[in-house]
Amino acid sequence: MKNTLKRLKEYAAFEWYSRISRIIIIFSLLNSIAVFENYWWQATFTSIYMALLLAGAVDVLLPRMRRRLRLPLQLLLVVVSTWLVVGASPSLTGSEEGLRKFAAMIWSLLIQFNPYIWFSLAMLATYLLFSAWTTSRIRLFGFIGANLLVLTVADSFTPIWLWDNVAWVVLLGLIWLAAGHLHQFQRHHPGSWKELLHYPLQLFMPIAAVLALLMAAGLFMPSISPVLRDPYTIWKESKGEKVNVFLGEKGSDPGGVTLDTSSGYGRDDDQLGGGFNFDYSPVMTVASSHRSYWRGETKSFYTGSGWLELDEGTEPNNVNQLKKEQELSLPYDRKLADTIEVEQTVTMIRKDQYPVLFAAAPINRIHWINDPEANLSYRLTWAPDDQELRFPLQGRGRQPYPESYSVVSTVPVLDEAKLRSTNARLYSSNENDHYTQLPDNLPGEVKQLAEELTKTATNDYDRAKMLESYLRLNFVYTNEPDLGKLTGESDDFVAQFLFEIQEGYCDYFSTAMAVLARSVDLPTRWVKGFAPGALPALGVDAADRFDIDTFLQGEGTYTVRNSDAHSWVEIYFEGYGWVSFEPTAGFSFPYTVAGEDAAAPTPEVEEDTDEAVKAAAAEKTDVSYKGFYIAGISLLVLLLAASLIVRRQALKAAWLRFRFRSYTANERIVWETERLLRVCRRKGLKRSEHETLREAVQRFAQHRTDIRSELTQVLNDFERAKYSGAEAAPEEAEQFVNKVKHVISLL
C-alpha cells in the first residue's frame, strides 16, 4: 500500500512536467516547419498544425489514458482533421454496385487525401518520437539543439527570415530547463516543494525575470557580422569559389537605409537599396492562357540612387475614355515580330490602390472590369509609349481599384535570329536621349565594364544578352545584401552593387543592367511588376484533363504574392518592339520562343485515336497505382516506427539480454554497480581515488538521505557478489538491475 501511494505521488509530480514537455515539443516543431514556408501549400500547413495540436491536446488533457487507446485516438483525430482541411468528399462515376462501389468510394477519398495525409502522419510520428525520446536533460538539449540547427542553417542559406523562430525556440528551451529543474526538486525534496508552493510569486518571479533579461539582451544587443565562419564556407573559399549564402548585416542600418520593410509592389524607387523581409501574403490571382510576368509601371530617368518618373506634361499619344474591346494601339510597328494572344482574368485579393492594371505586356484589349455584362465605367488611360493601362489614384470622384478585370495582351514571340538581324534603335529619334540618359557623375568604371563585356559582340541583341548573362552568373541573389561591404568610394547605386556589395535582389540586378546597356547606347527602360506566381497542385480530376500543350504554355490560375513583386528591363529593337530581359540570378522570363508557339496547329486525329487514349489511360493508371504503392509503403514504415516507439522498453530489455548473455550473475551485478558510479559522478557524487566503495557510498548517503536505504542495499549486494565467492542466481541479478535503475531515477 505504501509503495502504491509513493508511485501515485511520483506520477502526480511527473504529470505537470509531462504536460509542459508536450506543449514545448509541439511549439518547437511548429517553429521548425516554418523552414518550408512558401514551399508548401497552405492546406499542407493547416493539416500539419491541426495534427500536432490535436495529438498534443490528447496527451495534455488525457494524460492517464492508456497508450493502447491514446494512439488510435490521435490517429483518428489526425485523419478527421485532414479530411476537414482538404474538404474531401466521395465522388462516384460509373455503375458499380456493392463492394466495388464501396471500394471506389474509399479510393476516391484516398486520392483527395494525397499528399496531405502523409505530411500529417509524418508530423504525428515525429511528435510521438520526440515525446518518447526526450526523457533526460541531455536529450532535451539534443532536441532543442536540432531545432536550432535546422532554423539557423535555413536562415543563413535561404532568403527566409527565421530569427524570430530561433528566438522562440530558445525561449521554449529555457522554460523547459527551468521546468525540469523544478521537477527534479519536487521529486527529491517533496516537503520543501510543498512549502514553496505556498509562495508562488517568490518561486516563479526570479525564473521569469531571468528569462526576460536573457531575451531582452538578445533583442537589444547590436548586430555584428560573424567572427567565426562555418567550415563549409572556409573550404569553398579556399578553393577560390564563392558561396551562395544569404548572410549580412541583418537588422543593421548602415548609411541610413532601413531594412525593416517587407516585399511587395509600391516601394519608393527614387532611393533604391537596403534589404527587405519576404511577405508571402497573396495579392491577386491571375487566370491566364500563358505563363507571364505581370507588368506594371515603367521608369526611365536614373538619378544615381534610383528611378524617377518623368513629368511628361500632356502626352499626345495617350488615349482616354476607353471602351470595352477597343484596340489599344502602339506607336511603333512590329513587322518582324510574331505575336500570340494571352487571355487574363485578374482577381484582386488585397484592397490596395495601384496606379496601373497588371497584365502581360503589351495589353491589346479590355474585356471587362468588375462586371462582364456592364459597360466600362472606369476612367482608365492608355499610355502607348510606356505600355501602361493607367488607373487614376487622385482627382475628384476617385474610384476604388477594380476587384477583378479581364484583358487580352499581344505578346511578341522571342525569335533570336530576327533580333540579331535588327538594331536597338528607337522608333523616334527624339526619344533616344530619353532612354539612354545617364547621370553626369556616373563612375567611368561602369561604362568601361559595359564596353569590356560587349566588345566581342557583332549585334545589339548579343550585347544585351552578354550583359544579362554577366549579371546572372557573377552576382548573388539575397534579400538582405551585406551593406557593411560599402567603402564609401562611390555614391552611385549601380557602382556600389557592381564593385563593392556584389549581391542583392531584383532592383540591384535590373538597375545595373539598365545602366550598363545605356552605357553602350542600347535604349533601355526599367520595369516593375510581379513574377508569374505559383500554380495550385493538380486537383482530383486534373489527371483526366491533363494536356501537355496546356502544361507547357503555362495555362492556369496563378496565385501572386507580395514576395513575387519584381523588376526587370526592356530594350527596344527596331521592327520588333520592346523586348524583356531578366538579369536577376534565379529568375527566368517566360518567353514564348519561335518554333515552340503554343498556338501551333492542332495535329489531325488519326483513326486509332481510341487505342492511343486507352494506352495513355492505362499508363496513367499505372503511375497512379505506383504513387499509392509508395504511399502505402510509407504508411507501413510510419506504423513500424510507431510500433518500435511503443515497444522500446521490451526491445531494450531484449538487447540487454543479448549483450550480457555471456556474463555470470555476479559479473552483471559488478558491471551495473560500475554504471551506477558513473551516473553518480555525472550528478556530482564523485568517488575519490583513496576511498573504498563502502566509504564512498556512506558519504553519498550523508548528502542524499532520501536514497540512503537504496544505496545501502546496492552496496550489500555488490560486496556479496564481488567478495563472498557464492554465485548469485540469475533472478537476483535481474532484481539488482531494477534496484540500480530505481536509484538512477532518484538521482
Side-chain angles (χ1 to χ4, degrees), residues 14-15 17-36 40 44-45 47-79 81-82 115-154 165 168-170 172-173 175-177 179-180 183 630-656 745:
F14 174 75
E15 187 174 309
Y17 176 69
S18 175
R19 291 180 177 181
I20 290 178
S21 298
R22 300 296 189 274
I23 293 172
I24 291 175
I25 290 172
I26 289 171
F27 283 99
S28 297
L29 292 175
L30 289 177
N31 277 282
S32 292
I33 63 175
V35 170
F36 301 101
W40 289 349
T44 306
F45 271 106
S47 60
I48 286 176
Y49 290 157
M50 294 294 292
L52 275 175
L53 294 175
L54 289 173
V58 171
D59 284 338
V60 173
L61 300 178
L62 304 171
R64 300 187 182 183
M65 177 181 284
R66 293 182 178 274
R67 184 177 300 168
R68 65 185 62 181
L69 299 177
R70 190 164 57 209
L71 181 58
L73 177 60
Q74 290 172 325
L75 286 170
L76 176 62
L77 290 175
V78 167
V79 172
S81 64
T82 306
Y116 306 105
I117 189 64
W118 311 120
F119 284 93
S120 300
L121 291 176
M123 191 54 60
L124 173 63
T126 303
Y127 163 73
L128 294 175
L129 173 65
F130 283 117
S131 297
W133 185 70
T134 52
T135 56
S136 65
R137 182 168 297 184
I138 293 178
R139 293 181 178 181
L140 183 155
F141 278 117
F143 174 73
I144 294 297
N147 279 272
L148 292 177
L149 180 64
V150 169
L151 290 171
T152 51
V153 169
N165 306 82
W168 276 111
V169 171
V170 170
L172 291 170
I175 294 174
W176 204 355
L177 285 174
H183 171 59
I630 295 173
I633 293 173
S634 301
L635 179 59
L636 289 176
V637 170
L638 290 174
L639 292 176
L640 177 61
S643 176
L644 292 176
I645 293 172
V646 172
R647 299 179 57 82
R648 64 188 184 281
Q649 296 297 337
L651 293 173
K652 183 179 179 181
W655 161 248
L656 291 176
S745 68

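Heavy-atom basis, side chains included; hydrogens, waters and symmetry copies ignored.
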Visitor: Could you state the interatomic distance from CG (L54) to CG (L61), rounded to the nearest 0.5 Å?
Guide: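 Here the rounded value is 10.5 Å.
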Visitor: Flag yes if more than 12 heavy atoms outside I138 fall under 6.0 Å of its CD1 atom; otherwise flag no.
Guide: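 Open: at most 12 neighbouring heavy atoms sit under 6.0 Å from CD1 of I138.
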Visitor: Please check if the number of heavy atoms outside F27 that lie under 6.0 Å from its CZ is greater than 12.
Guide: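 Counting neighbours around CZ of F27, 12 or fewer heavy atoms of other residues, nucleotides or ligands fall under 6.0 Å, so no.
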Visitor: Looking at CG of L129 and CG of L124, how far apart are the two atoms once the value is rounded to the nearest 0.5 Å?
Guide: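 Between atom CG of L129 and atom CG of L124 there are 11.0 Å.
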Visitor: Any side-chain heavy atom of L121 within less than 4.5 Å of one from I117?
Guide: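 With C-beta onward as the side chain, the pair touches.
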Visitor: So which heavy atom on R70 is nearest to which on L62, and how close?
Guide: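 So the two residues come closest at NH1-O, 3.8 Å.
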Visitor: Test R22 against Y127 for side-chain contact (heavy atoms from CB on, under 4.5 Å), laying out the working first.
Guide: CA-CA 9 Å; R22 300 296 189 274; Y127 163 73; 3.3 Å; yes
Visitor: Rounded to the nearest 0.5 Å, what's the gap from CG on N165 to OG on S32? Could you check?
Guide: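 One finds 8.0 Å between CG of N165 and OG of S32.
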Visitor: What is the minimum heavy-atom distance between L172 and I24, and which atoms define it?
Guide: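 Taking L172 first and I24 second, the nearest heavy atoms are O-CD1, 3.7 Å.
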Visitor: For R139 and W133, indicate whether the former's side chain and the latter's backbone hold a donor-acceptor pair under 3.5 Å.
Guide: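 Answer holds: yes.
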Visitor: Might you point out which heavy atoms bring A179 and I20 nearest each other, and give the distance in Å?
Guide: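 Heavy-atom minimum between the residues: CB-CG2, 4.2 Å.
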Visitor: Can you tell me how far OG of S21 sits from CD1 of I175, rounded to the nearest 0.5 angstrom?
Guide: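 If we round to the nearest 0.5 Å, I175:CD1 and S21:OG are 12.0 Å apart.
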Visitor: Check whether any side-chain heavy atom of V78 lies under 4.5 Å from a side-chain heavy atom of M50, and answer yes or no.
Guide: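 Not in contact.
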Visitor: If we ignore hydrogens and angles and just use 3.5 Å, is the side chain of R19 paired with the main-chain N or O of V60 as donor and acceptor?
Guide: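 Checking the backbone N and O of V60 against the side chain of R19, a donor-acceptor pair under 3.5 Å is found.
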Visitor: For A55 and Q74, which heavy atoms make the closest approach, and how far apart are they?
Guide: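 For A55 and Q74, the tightest heavy-atom pair comes out as O-NE2, 3.0 Å.
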Visitor: Could you state the interatomic distance from CG (L30) to CG (L53), rounded to the nearest 0.5 Å?
Guide: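 One gets 6.0 Å once the value is rounded to the nearest 0.5 Å.
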Visitor: Do you see a donor-acceptor pair shorter than 3.5 Å between the side chains of S28 and N147?
Guide: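 No, because no side-chain N or O of S28 sits under 3.5 Å from a partner of the opposite role on N147.
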Visitor: Once you round to the nearest 0.5 Å, how far does CG of L71 lie from CG of L128?
Guide: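 Reported value, rounded in 0.5 Å steps: 6.0 Å.
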Visitor: Write down the atom of I26, the atom of L52, and the distance for their closest heavy-atom approach.
Guide: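 Heavy atoms of I26 and L52 come nearest at CD1-O, 3.6 Å.
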Visitor: Between W176 and I25, which heavy-atom pair has the shortest distance, and what is it?
Guide: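 Closest approach of W176 to I25, heavy atoms only: CH2-CG1, 3.7 Å.
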Visitor: Starting from the C-alpha separation in whole Å, work towards a yes-or-no answer on side-chain contact (heavy atoms from CB on, under 4.5 Å) for L29 and I48.
Guide: CA-CA 10 Å; L29 292 175; I48 286 176; over 6 Å; no
Visitor: Do S120 and T82 get their side chains close enough for a donor-acceptor pair, meaning under 3.5 Å?
Guide: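 Judged by distance alone, the side chains do pair up.
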